[in-house]
Amino acid sequence: MNLPNRIAFVAVSCAAAITVGASGKHASTKPNVLYIMCDDMGYGDLGCYGQKLISTPNIDSLARQGMLFTQAYAGSPVSAPSRACLMTGQHSGHTAVRGNKEYWTHAGTINYGECVDYAVVGQEPYDPNHVILPEIMKDNGYTTGMFGKWAGGYEGSVSTPDRRGIDEFFGYICQYQAHLYYPNFLNRFSKQAGDSAVRRIVLEDNIKHRMFGDDYFNRTQYSADIIHREAMRWIERQTPGKPFFGLLTYTLPHAELAQPHDSIFNHYTKQFFVDCTWGGNEDSRYNPSDHTHAHFAAMITRLDAYVGEIVALLKRKQLYENTIIVFTSDNGPHEEGGADPEFFGRDGKLRGLKRQCLEGGIRVPYIVCWHGHTAPGSVSHHQLAFYDVMPTLCDIIGVKNYTKRYTRTQNDTFDGLSFAPTLTGKGVQPEHPHLYWEFHETDQIAVRQGDWKLLVIAGKTHLYNLANDVHEDHDVAALHPEKVKELVEIVLKEHTPSKNFKITLPQI
């Protein structure tokens with residue numbers, strides 16, 4: 001199956017994929033869940049969030065059929081800790097993984113043809129003494145699959161998909177490896193195929209060519225399409241009556257800006273006739289890019305086409321009506337690999353980018369479509385964060401007292417609140433007294449309490465009122481010292497020390 005050749009750039013045909021399909025009744029009372037999380041998509045990158053230059057008909061249609069959130073937040077302004085908040089139900093002052101700590105730098109190397117790669121790849125592992133979301137779903141009768149980026153432990157560590165409740169995985173164990181769209185290898189674990197652990201799948205056609213420079217673009221095995229095909233095969237095997245939980249953690253539209261020069265890409269090269277080039281950065285594994293704007297826009301439209309295919313498949317298999325579909329991004333927009341968020345207005349009128357605890361770094365698109373439960377075309381201003389997903393799914397599938405049931409150690413914590421009442425319109429929606437973030441790499445901390453937002457940079461406090469200053473232009477800390485003191489006290493309460501991810505705390 002050659003995906004790019006099947007996706008002609010015709011917006012109306014892409015949109016049709018999401019509206020045509022069969023309906024059916026299901027024996028299972030538990031809904032299926034497909035959680036689609038892309039990589040570094042900004043709040044304003046989708047048509048349904050105001051984007052004017054990039055076509056996203058399928059995701060826009062998903063929003064029309066479900067609920068769009070305006071104040072949904074990632075767990076962190078960067079990849080690994082944001083995913084950790086989703087997986088653990090903890091905020092980034094409590095998670096074990098609070099940054100992109102790498103392990104490939106400490107390992108030896110291995111040769112693939114003329115290409116030299118790392119012998120062990122991956123990031124800081126999730127705490128094995130704290131339950132993660134796939135383990136809960138697996139414990140409650142779900143078939144589990146994950147396709148895309150893991151970033152929750154290095155190869156051979158205590159936290160790889162095969163050890164953390166995943167029946168089938170295909171993609172990147174390591175997010176640094178995921179900088180390449182034409183990599184030397186991908187990782188797989190399949191219980192069905194009899195795998196005993198995660199293993200490498202060498203991409204034989206790719207390793208015939210070098211990893212950086214002109215020869216790189218002679219590689220033909222494009223990871224995003226390969227991962228999507230594996231996800232589609234997994235969904236194809238699912239049947240009504242047996243609930244499934246799928247994490248589709250696609251790497252699009254993260255740099256590098258490299259992809260097939262097909263009809264999607266060619267459309268945007270014509271649209272952005274005057275375009276930019278970028279020279280590449282070998283240390284970061286970002287290859288040169290010939291049309292940076294066209295590549296970036298095409299990445300999002302390609303991802304949109306994937307979503308259309310997923311929905312069409314669910315409908316064909318009569319699974320759509322009993323499946324919760326979530327679409328979101330792991331953090332705000334990036335400038336890596338030649339990306340140009342200013343050109344696309346990607347901050348969605350929010351200030352800040354990836355790696356910053358300003359709104360632009362942490363507020364993300366968030367769409368939930370659950371047929372018969374979420375009101376079509378509804379918009380919610382409820383404030384949620386990634387660590388709310390665990391209690392929400394526990395609420396929906398009937399797991400009572402999940403914190404008590406899944407607490408493994410005396411000091412174990414969970415931080416989320418279910419937003420199922422918002423999705424269904426049933427019951428009273430609890431509200432967070434505050435939301436919390438910290439990120440050691442840029443030495444930033446943030447607290448949101450209602451419309452108040454405290455930002456701490458290297459220990460210095462800044463205060464914003466998002467009700468009338470969503471762009472965070474006006475620091476009013478000097479005008480409201482008591483509010484600053486109150487929010488600083490929240491920081492000191494929520495932060496637990498981490499030997500791996502140290503941060504400067506503010507003073508009262």
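Computed over heavy atoms, backbone and side chain alike; hydrogens, waters and symmetry mates excluded. Predicted model, so just to flag it, every value in this text is computed and none were measured.
Remark: Phe245 pairs with no residue by the ring pair (Phe, Tyr, Trp, His ring centres under 6.0 Å) rule, at least two apart or across chains. Scored by the ring pair (Phe, Tyr, Trp, His ring centres under 6.0 Å) test, Tyr73 finds Trp437 as partners (sequence neighbours excluded). Not counting sequence neighbours, the partners of His254 by the ring pair (Phe, Tyr, Trp, His ring centres under 6.0 Å) test are His179, His334. Contacts of Phe217 classified as ring pair (Phe, Tyr, Trp, His ring centres under 6.0 Å), with partners at least two apart in sequence or in another chain: none.
Between Trp278 and Tyr286, the two ring planes are perpendicular [angle over 60°; tilted spans 30° to 60°]. The aromatic rings of His371 and Tyr320 are tilted relative to each other, their planes meeting at an angle between 30° and 60°. Using cut-offs of 30° and 60° for the angle between ring planes, the Tyr250 and Tyr306 rings count as tilted.
Identified under the salt bridge (charged side-chain N to carboxylate O under 4.0 Å, His left out) test for residues 169-193, with sequence neighbours left out: Asp167-Lys191, Arg188-Glu230. Pairs engaging residues 268-280 under the salt bridge (charged side-chain N to carboxylate O under 4.0 Å, His left out) rule: none recorded [sequence neighbours left out].
Considering every non-hydrogen atom in both Ile54 and Ala297, the closest pair reads CG2-O, 3.7 Å. In plain terms, the two heavy atoms of Asn331 and Val78 that are nearest each other are OD1-C, 3.2 Å. Shortest non-hydrogen contact noted between Leu435 and Leu384 is CD1-O, 4.5 Å. Annotation for Pro341 and Leu353: closest pair CG-CD2, 3.9 Å, computed over non-hydrogen atoms. Between Pro134 and Arg164, the shortest heavy-atom distance links the atoms CB-O, 3.6 Å. Looking at every heavy atom in both residues, Ile173 comes nearest to Asn187 through N-OD1, 3.2 Å.
Of the possible polar contacts, none joining the Asn206 side chain to the Arg219 backbone as a donor-acceptor pair under 3.5 Å is found. Judged purely by atom type and a 3.5 angstrom limit, Ser329 has no side-chain atom pairing as donor or acceptor with the backbone of Asp39. Counting only distance, with no hydrogens or angles, the side chain of Gln51 and the backbone of Gly44 share a donor-acceptor pair below 3.5 Å. A donor-acceptor pair under 3.5 Å is absent between the side-chain atoms of Ser159 and the main chain of Pro125, judged by distance alone. Side-chain N or O atoms of Glu124 include none that pairs as donor or acceptor with a backbone N or O of Gly99 at under 3.5 Å. Within the 3.5 Å criterion, the main-chain N or O of Ser55 finds a donor-acceptor partner in the side chain of Thr301. Between the side chain of Asn100 and the main chain of Ala80, a donor-acceptor pair closer than 3.5 Å is present. With Ser284 contributing its side chain and Asn281 its backbone, the two residues share no donor-acceptor pair below 3.5 Å. In this structure a side-chain-to-backbone donor-acceptor pair under 3.5 Å is present from Thr269 to Asn266.
Phe272 and Phe343 have their aromatic ring centers within a separation under 6.0 angstrom. Between Trp234 and Phe244, the distance from one ring center to the other falls under 6.0 angstrom.
Arg316 and Glu236 are joined by a salt bridge, as a carboxylate oxygen and a charged side-chain nitrogen come within less than 4.0 angstrom of each other. Using a 4.0 Å cut-off between charged nitrogen and carboxylate oxygen, Arg233 and Glu168 do not count as a salt-bridge pair. Salt bridge annotation for Glu336-Arg355: present, with a cationic side-chain nitrogen under 4.0 angstrom from a carboxylate oxygen.
Within 6.0 Å of atom CZ in Arg237, more than 12 heavy atoms from other residues, nucleotides or ligands are found, so the atom counts as buried in its surroundings. Heavy-atom neighbours of Asp473 CG from other residues, nucleotides or ligands within 6.0 Å: above the threshold of 12.
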For Ile324 and Leu423, what are the C-alpha separation, side-chain angles and deciding distance, and is it a side chain to side chain contact (heavy atoms under 4.5 Å, CB included)?
-> CA-CA 10 Å; Ile324 301 170; Leu423 294 178; 5.6 Å; no
- Start with the C-alpha gap between Thr392 and Asp388, add the side-chain angles, then the distance that decides, and say whether side chain to side chain donor-acceptor pair (under 3.5 Å) holds. CA-CA 6 Å; Thr392 301; Asp388 292 335; over 6 Å; no
What verdict does the side chain to side chain contact (heavy atoms under 4.5 Å, CB included) test give for Arg448 and Arg363, after you've listed the backbone C-alpha separation in whole Å, the side-chain angles of each residue and the deciding distance to 0.1 Å? CA-CA 12 Å; Arg448 179 164 184 184; Arg363 194 186 294 201; 3.6 Å; yes
Practice item. Give the C-alpha distance, both sets of side-chain angles, the deciding distance and a yes or no for side chain to side chain contact (heavy atoms under 4.5 Å, CB included) between Leu186 and Tyr172. Key: CA-CA 6 Å; Leu186 292 167; Tyr172 296 94; 3.6 Å; yes
TODO: Go through Tyr216 and His209 one step at a time and tell me if the ring pair (Phe, Tyr, Trp, His ring centres under 6.0 Å) criterion holds.
DONE: CA-CA 6 Å; Tyr216 176 78; His209 306 281; 9.6 Å; no
Apply the test side chain to side chain contact (heavy atoms under 4.5 Å, CB included) to residues Phe419 and Ser380: give CA-CA distance (whole Å), side-chain angles for both, the deciding distance (0.1 Å), then the verdict. CA-CA 11 Å; Phe419 56 93; Ser380 174; over 6 Å; no
(Q) The test is side chain to side chain donor-acceptor pair (under 3.5 Å); show your working for Gln177 and Arg285 and say whether it passes. (A) CA-CA 8 Å; Gln177 290 285 325; Arg285 290 196 166 181; 3.2 Å; yes
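Rounding to the nearest 0.5 angstrom, the gap separating the NE2 atom in His381 from the CD atom in Gln71 is 7.5 Å. Residue Asp469 holds its CG atom at 10.0 Å from CD of Glu359, rounded to the nearest 0.5 Å. Atom CE of Met87 and atom CZ of Arg83 lie 9.0 Å apart (nearest 0.5 Å). The line from NZ of Lys354 to CG of Asp330 is 7.0 Å long, rounded to the nearest 0.5 Å. For the atom pair Tyr176 OH and Lys149 NZ, the distance stands at 13.5 Å (nearest 0.5 Å). Distance check: Tyr49 OH to Asp60 CG gives 10.5 Å after rounding to the nearest 0.5 Å.
When side chains are defined from C-beta on, Glu155 does not count as touching Thr160, because their heavy atoms never get closer than 4.5 Å. Side-chain atoms of Leu203 and Tyr222, non-hydrogen and from C-beta on, never get closer than 4.5 Å to each other.
Geometrically, Lys453 does not engage Tyr464 in a cation-pi contact, judged by NZ or CZ lying under 6.0 Å from the ring centre and within 45° of the ring axis.
A side-chain hydrogen bond (donor to acceptor under 3.5 Å, both in side chains) with Arg98 is found for one member of Glu438, Glu441, His440, His91 and no other, namely Glu438. Under the side-chain contact (heavy atoms from CB on, under 4.5 Å) test applied with Tyr181, the options Leu252, Asp225, Asn287 reduce to a single match, Leu252.
Between the side chains of Thr56 and Asp304, no donor-acceptor pair is found at a separation under 3.5 Å. For the residue pair Ser157 and Tyr103, no side-chain donor N or O sits within less than 3.5 Å of a side-chain acceptor on the partner. For the residue pair Gln238/Asn32, the side-chain donor-acceptor check at 3.5 Å is not satisfied.
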